[in-house]
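The structure appears below as structure tokens.
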Amino acid sequence: MAEELNNDSSESDTFEVIDTNGPVQIIRDNGDHTFTLCENDLATILMAKNLKDTPVVVVSVAGAFRKGKSFLLDFILRYLTCEGRAGWMGDPEEDLTGFKWRGGTNRETSGIWIWGQPFIRTNPNTGEKVAILLMDTQGTFDNQAIVRDSATIFALSTMLSSIQIFNISQQISEDDLQHLHLFTDYGRLAMQDESDDSKCKPFQRLEFLIRDWAFEYEFELGASGGKNYLNKILAVSENQHEELMEVRHHITNCFADVGCFLLPYPGRTVASKPQFTGRLADMEGDFASGIEKLIPYYLHEETLQSKKIHGQTLKGKDLLHYFKSYVEIYQQDTLPEPMTMLRATAEANNLSALASAQEKYTENMEKKVGGDHGYLNDTDMLTQHAESIDLAEKEFNSTRKMGGAELSKTFLEKLEKYMEDQFQQYTKINESKNIFKSARTPITLFIVLAVAYVAHGILKAVYLGPLAMLCNAVFWGAMSTLGVWITLKWRAEHQEVAERIDHVAEMIWEQGGLERMF
């Protein structure tokens, strides 16, 4: 059973409210060959209450411009909205809506967008709930983009997706495979970073989608024909150039699953009529039938896998860290080296572990020291602090790390500092709940008044006049001090004087043995 997450403002009230009932731009093309992360809009979605702790499946479509990426995503959106039920393709006369698309030669999608309402699916075999995010990307190699722009968009979508659909027209060329060269180099370094007993492939699922397939007599339409065609393309032979052989080896080694699907020509109305609005009635029958098989092939619940990096399953809150790290390294004037990409991944990996550990510490401290709880004595406070430290460090250490022990140690030190700083804050909150401590200054002064008054009477009765006068002076001095303290606290003025009085009262409280009495 699928259900849409409710991303209302109450679930993300730390962020500016945006309309998430539709496509939301998360990476903006600035028009000067640079890109900006729309962090607030992305955080509004990923940090929503029901998504931030849910594993995510990121389905991305990338490829050349004007080849129907957004068009394809809208069929995926229709399938998810209908929960994959029979007849999900809809009325043949119904327009196709969702991500913006249109025919023609001009770019429609700019930057990177995601659908603002993720969808929940449950794997019937594992029982795991995942949130499916749909990601649409700017087309590569149009007349407005330079090579670095196209490589940046393709890189970000590949690094951040769990299913990367590589949308290609007619057939796979060597240029298409070369797009993956940067990632195969990165993947080789990432696998070297793995310990020998925990090898895992750096990328998950790569799907080649071949549009306008015209060679059905060689390879049949669909996934079966696509698999056979892909095997032919990725086959290595002795007479191939070393670079071509290397790319093929690394594609199969770096991606856990590589597939291919062959789709036929959609028909002249789809390809050449500006009036086309996505109606099934205007498509060739073979094409519509292919779409009907294609979407479940991508999104079958039993094969859905959450996004993983270095073996770590990413939740919504984790994905936000990776977006920030990756976009930052692609702000340079040149494409980052694979080693730079690896360092950014390692940083995001450790940062994600740090954030989870910090959350664990805070969560456990709030159970006993939060605003709704009463005062804890010093022993119980230290016990709760120690227990929270233990839980936080276990959370941090349970996450598989990239970057080696030195990088992990750096983030562990940040965690320790965070916990110590938070403990100081919790201590202040806890002390504010101590009724006796809050009233310590007036209680101390009242006790001094009482003692001085009684002593004055006794000393006067036994004719020790000078001592009685001293007690009388102490009495009126304490009375005046109490009056000044009350006035300063009420008016919230000259707090340094009030704090000085508190300090003197504290000394009397401790040295006079009053602490043991109260």
Side-chain angles (χ1 to χ4, degrees), residues 14 37 39 42-43 46-47 52-53 55-56 155-156 159-160 182-183 185-203 307-332 334-366 382 384-427:
T14 56
L37 177 67
E39 186 176 339
L42 180 61
L46 296 183
M47 296 300 288
K52 71 175 185 176
D53 292 313
V56 291
L156 290 172
M159 299 284 285
L160 291 162
L182 176 66
F183 310 106
D185 281 348
Y186 163 85
R188 176 174 49 80
L189 291 171
M191 286 190 289
Q192 289 175 0
D193 185 72
E194 296 267 12
S195 59
D196 291 338
D197 60 345
S198 61
K199 297 288 185 183
C200 64
K201 296 188 177 183
F203 301 113
K307 175 63 179 172
K308 290 183 174 65
I309 293 182
H310 196 68
Q312 176 198 7
T313 296
L314 300 193
K315 300 174 182 178
K317 60 186 179 185
D318 303 318
L319 190 61
L320 182 60
H321 294 306
Y322 285 92
F323 262 101
K324 291 162 70 173
S325 293
Y326 289 150
V327 171
E328 182 177 350
I329 65 170
Y330 278 94
Q331 298 289 5
Q332 308 167 29
T334 59
L335 285 173
E337 295 293 327
M339 183 56 76
T340 305
M341 295 163 59
L342 185 62
R343 281 197 296 266
T345 303
E347 288 272 351
N349 167 252
N350 280 271
L351 186 60
S352 177
L354 172 63
S356 294
Q358 290 173 337
E359 187 175 335
K360 183 68 69 174
Y361 174 85
T362 303
E363 181 182 281
N364 198 62
M365 288 296 290
E366 286 289 328
L382 290 172
Q384 188 68 13
H385 177 52
E387 179 185 298
S388 300
I389 287 176
D390 184 57
L391 289 173
E393 289 182 345
K394 284 181 178 177
E395 178 73 17
F396 182 81
N397 293 326
S398 67
T399 303
R400 296 180 61 188
K401 307 294 191 310
M402 297 181 70
E406 282 300 314
L407 184 61
S408 179
K409 181 182 177 182
T410 300
F411 279 86
L412 183 58
E413 290 171 352
K414 291 182 180 180
L415 173 61
E416 291 169 350
K417 184 179 186 305
Y418 169 84
M419 292 188 293
E420 190 57 39
D421 291 344
Q422 288 297 107
F423 181 65
Q424 297 302 322
Q425 294 300 318
Y426 279 118
T427 299

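Start at 1 with the first residue, then count along the sequence.
Taken to the nearest 0.5 Å, the NZ atom of Lys315 stands 5.5 Å off from the CG atom of Asp53. Atom OG1 of residue Thr362 and atom OH of residue Tyr418 lie 3.0 Å apart, to the nearest 0.5 angstrom. In this structure, Leu46 CG and His321 NE2 are separated by 10.5 Å, a value rounded to the nearest 0.5 Å. Here the CD-CD distance, from Gln422 to Glu366, works out to 9.0 Å after rounding to the nearest 0.5 Å. The line from CZ of Phe323 to CG of Leu160 is 4.5 Å long, rounded to the nearest 0.5 Å.
When side chains are defined from C-beta on, Gln384 does not count as touching Tyr426, because their heavy atoms never get closer than 4.5 Å. Side chains of Glu416 and Asp421 form no contact here, defined as non-hydrogen atoms less than 4.5 Å apart. Looking at heavy atoms from C-beta onward, Pro55 lies out of side-chain contact with Leu314 at the 4.5 angstrom threshold. Contact check for Lys307 versus Ile309: side-chain heavy atoms found under the 4.5 Å cut-off.
Side-chain N or O atoms of Asn397 include none that pairs as donor or acceptor with a backbone N or O of Lys394 at under 3.5 Å.
In this structure, Leu415 and Ala392 approach most closely via the heavy-atom pair CD2-O, 4.1 Å. The nearest pair of heavy atoms linking Ala43 to Leu320 is CB-CD2, 4.1 Å. Nearest heavy atom pair, residue Leu382 against residue Phe423, reads CD2-CZ, 3.9 Å. Between Ser408 and Asn350, the closest heavy-atom pair is CA-OD1, 3.5 Å.
Partners of Glu420 according to the side chain to side chain donor-acceptor pair (under 3.5 Å) rule, which considers only residues two or more places apart in sequence or in another chain, are Gln424. Scanning for side chain to side chain donor-acceptor pair (under 3.5 Å) contacts around Glu363 gives an empty result, with sequence neighbours left out. Applying the side chain to side chain donor-acceptor pair (under 3.5 Å) rule to Ser388 yields the partners Asn364; only residues at least two apart in sequence or on another chain are considered. Scored by the salt bridge (charged side-chain N to carboxylate O under 4.0 Å, His left out) test, Lys324 finds Glu39 as partners (sequence neighbours excluded). Judged as a side-chain contact (heavy atoms from CB on, under 4.5 Å), and not counting sequence neighbours, the contacts of Lys308 are Gln204, Ser306, Thr313. Lys414 meets the side-chain contact (heavy atoms from CB on, under 4.5 Å) test with Leu354, Thr410, Phe411; sequence neighbours excluded. When the side chain to side chain donor-acceptor pair (under 3.5 Å) test is applied to His385, the partners found at least two apart in sequence or on another chain are Tyr361.
The neighbour count for Lys317 NZ, taken as heavy atoms of other residues, nucleotides or ligands under 6.0 Å away, is above 12.
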>> I'd like to know whether Phe203 forms a side-chain contact (heavy atoms from CB on, under 4.5 Å) with Met159, so could you lay out the CA-CA distance, the side-chain angles of the two residues, the decisive distance to 0.1 Å, and finally the verdict.
In response: CA-CA 8 Å; Phe203 301 113; Met159 299 284 285; 3.9 Å; yes
